[in-house]
Structure formats: structure tokens, C-alpha cells
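Here's the structure we're looking at; comments come further down.
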Amino acid sequence: MRKLIAASPLATFILADEQELIANHIPFVLRSGESHEMQLIAHIPRANPLSETLKNAKNCLAIFHGPDGYVSPSYYATKPLHGKVVPTWNYSVVHVHGVAELVDDPNWVREQIELLTNLHEATRSFPWSVSDAPPDFVESLVKALVGIEISVDRFEGKTKASQNQPEANQRSVLESIERDYPDSNFARLMHSVLDR
């Protein structure tokens, strides 16, 4: 689940206030806090209405979406034998439940931005760093942002990768996905589940 969050950090972030459910899409970083508890951290513009909502709404859900894809009935080896097949969708997701807090601390926000940037720039030949931007520019941006810190209560991982099918169908689905989606994360998902 940690690998999926690291590979697909843009979460659907859901809060409930008195009137409605509110959904936003925010990139998070998963980190271990004090006493080894897990936290999700992010930042948003101070002007985002979500910052007001976070002052009161605490319980939240962050959904991280991994690889997914359509599975055609024609992928199943058993289709010619009995025709009892239907289309479906395979996927991998992680649901993170927790309590969200607004963090109004420019030092915290800057550290979070640097951590997020360094994680995503690490594989580049010439990584960009926050310190590459003019200091006054960075300072003005940081002042316009607030942080989100979620104390994680629990993780729920869900993966559907044709594991409910007979072995012949699992192999034919995998072969079809490799043919239709070569070198894709969808094919890698299928391999990670079916090659166990």
C-alpha cells in the first residue's frame, strides 16, 4: 500500500462538513511521525475554501488510485466454451482513513514543499530544487499556503486483478492485457497479483 501511495500520490481527498461531502484532488506524502504513527502531509492555497472546512471537519478519507483497466469478455479463455462471461474492470486502490488538521506554519509548509519536490525530482537527470527559485518568490508562495496533516487511523487496500477467475482465464486475461496495453502499469498490476 505504501508503494502504491508513493507511485500515485494524487489522492481524492474527501471531507464531510455539516451540509455535504467535499472532494478535492491533492498530492500527499506519506511519512512516519513521532511514535512511528503514519501521517499524510500536503499543502493547499490559503484561499482554497477547503482551508476553512478543515478548521471544523476532521474525519477524512484519502483515496489513492493505482493502475486500472477494462477487461473485455473476449479476454477469457472460457468464453468459447460456455459464453458465461461479462466485461469488468480491474484496479488497485488504497483508502486512508484519518483525522485531518490544518497547519498554519510557514516553516512546516516549506519543509513539506521541499520534501514533495525532492521526492518527485529525485529521478531526473538535473533535479530542480526549491532553492533554485528566488528566495523572495518562494517566501511569498509559502505565505499563501497552509498545510494539511492527516493522522492515519487505518489503511484499506483493494486490488481486483481477475484473481476470482479460473487459472485459464487469469492467464488469458494477462496475455490479452500484455498485447493490448504493452509495458503498462495495468499489465504490471496483473503480473504482481497473478505471478504470486
Side-chain angles (χ1 to χ4, degrees), residues 1-16 21-44 50 54 57-72 75 87-101 103 108-109 111-124 127-128 147-165 167 169-171 173-196:
M1 289 187 280
R2 291 181 191 186
K3 286 181 182 178
L4 187 149
I5 291 170
S8 303
L10 183 68
T12 303
F13 178 58
I14 302 168
L15 282 171
L21 290 173
I22 300 163
N24 285 269
H25 304 279
I26 301 171
F28 282 93
V29 174
L30 181 64
R31 73 171 182 190
S32 293
E34 296 174 17
S35 306
H36 302 290
E37 77 272 10
M38 300 303 292
Q39 298 169 329
L40 288 173
I41 59 171
H43 65 271
I44 58 172
L50 178 60
L54 276 165
K58 300 298 180 191
N59 291 329
C60 65
L61 172 63
I63 303 172
F64 295 88
H65 304 266
D68 70 283
Y70 175 73
V71 177
S72 170
Y75 289 177
T88 191
W89 205 271
N90 284 349
Y91 60 88
S92 185
V93 297
V94 174
H95 295 184
V96 181
H97 299 261
V99 177
E101 296 290 336
V103 181
W108 187 100
V109 170
E111 287 175 15
Q112 194 279 333
I113 292 169
E114 289 173 347
L115 177 60
L116 181 67
T117 301
N118 294 343
L119 283 171
H120 295 286
E121 289 284 332
T123 59
R124 299 178 55 82
W128 183 86
I148 300 173
E149 186 173 81
I150 300 171
S151 298
V152 175
D153 291 334
R154 72 183 189 276
F155 293 87
E156 295 175 343
K158 299 181 180 189
T159 298
K160 181 178 173 293
S162 300
Q163 64 268 52
N164 62 324
Q165 290 292 323
E167 188 173 342
N169 282 352
Q170 291 176 7
R171 290 291 143 210
V173 167
L174 180 55
E175 290 167 6
S176 298
I177 288 170
E178 287 178 323
R179 180 191 65 237
D180 290 354
Y181 307 96
D183 299 320
S184 70
N185 286 333
F186 187 26
R188 283 188 276 286
L189 166 68
M190 297 297 295
H191 272 292
S192 71
V193 174
L194 299 181
D195 290 347
R196 290 181 183 166

task = Inspect the surroundings of CZ in R179 and state if more than 12 heavy atoms from other residues, nucleotides or ligands are less than 6.0 Å away.
result = yes
task = Return the set of residues passing salt bridge (charged side-chain N to carboxylate O under 4.0 Å, His left out) with R171 (not counting sequence neighbours), or none when no residue passes.
result = D195
Show me the donor-acceptor pairs, under 3.5 Å and distance only, between side chains in residues 60-71 and residues at least two apart or in other chains.
residue: H65; atom: NE2; partner: T12; partner atom: OG1; Å: 3.2
residue: D68; atom: OD2; partner: W89; partner atom: NE1; Å: 2.7

ask   = So, for T159 and Q163, which heavy atoms are closest and what is the spacing to 0.1 Å?
value = O-NE2, 2.8 Å
task = State, to 0.1 Å, how close W128 and E121 come at their nearest heavy-atom pair, and which atoms those are.
result = N-OE1, 2.8 Å
request  = Would you indicate whether the side-chain heavy atoms of I5 and F28 approach each other to under 4.5 Å?
outcome  = no
query = If you draw a 6.0 Å radius around CG in N164, do more than 12 non-hydrogen atoms from other residues or ligands fall strictly inside?
reply = yes
inquiry  = If only side-chain N and O atoms count, and only distance matters, is there a donor-acceptor pair under 3.5 Å linking Y75 with N169?
reply    = no
key: Pairing of E178 and R188 as salt bridge, 4.0 angstrom limit   = no
ask   = Looking only at heavy atoms, what is the nearest atom pair of H95 and K158, with distance?
value = CE1-NZ, 3.9 Å
key: For F155, all residues meeting ring-ring contact (aromatic ring centres under 6.0 Å, His included), sequence neighbours excluded   = none
request  = Mind listing the closest non-hydrogen atom pair of M190 and S162 along with its distance?
outcome  = CE-OG, 3.9 Å
message = Side chains of K160 and S92: any donor to acceptor distance under 3.5 Å?
response = no
